[in-house]
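Remarks on the structure that follows.
No experiment lies behind these values; they were computed from the predicted model shown.
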Amino acid sequence: LLDIAVARSFPPQKLNFILFNPTDASRSATITIPEARRRSVRLRANGNSTGQTIQVGARSFIQLQAEF
């Protein structure tokens with residue numbers, strides 16, 4: 001049984017995104033997830049843990065997963 005205080009966080013929410021940079025220059029992007037509503041968000045870029053700011057190479061994409 002789940003404690004009522006943590007019931008809202010179970011099961012964790014997982015969101016999947018593709019971040020694409022079509023330009024000729026490398027760009028940084030800061031990811032925010034409003035739906036998390038003050039909960040901790042864990043980001044994974046191409047399967048690896050990452051922070052909220054992500055560097056995206058020129059003409060490339062990154063697969064992102066946010067879990068909260």
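Partners of R38 under the salt bridge (Lys or Arg N to Asp or Glu O under 4.0 Å) rule, at least two apart in sequence or in another chain, do not exist in this structure. Applying the side chain to side chain donor-acceptor pair (under 3.5 Å) criterion to Q65, with sequence neighbours excluded, gives N16. Legend: residues meeting salt bridge (Lys or Arg N to Asp or Glu O under 4.0 Å) with R27, ordered by chain and number and at least two apart, are absent. Partners of T50 according to the side-chain contact (heavy atoms from CB on, under 4.5 Å) rule, which considers only residues two or more places apart in sequence or in another chain, are L43, A45, I54. By the side-chain contact (heavy atoms from CB on, under 4.5 Å) test, F17 pairs with L15, I33, L64, A66, sequence neighbours left out. Residues satisfying the side chain to side chain donor-acceptor pair (under 3.5 Å) test with T30, not counting sequence neighbours, are T53. With sequence neighbours excluded, no residue forms a side chain to side chain donor-acceptor pair (under 3.5 Å) with S60. With sequence neighbours excluded, the residues forming a side chain to side chain donor-acceptor pair (under 3.5 Å) with Q55 are S26, listed by chain and number.
Judged by distance alone, the side chain of N46 and the main-chain N or O of I62 form no donor-acceptor pair under 3.5 Å.
Atom CZ of F20 has more than 12 neighbouring heavy atoms from other residues, nucleotides or ligands inside a 6.0 Å radius.
Screening K14, E35, R37 for a side chain to side chain contact (heavy atoms under 4.5 Å, CB included) involving F68 leaves a single residue, E35.
Separation of atoms OG (S49) and CD (E67) is listed at 10.0 Å; rounding is to 0.5 Å.
Listed by first then second residue, pairs satisfying salt bridge (Lys or Arg N to Asp or Glu O under 4.0 Å) with a partner in residues 43-61 read D24-R59, not counting sequence neighbours.
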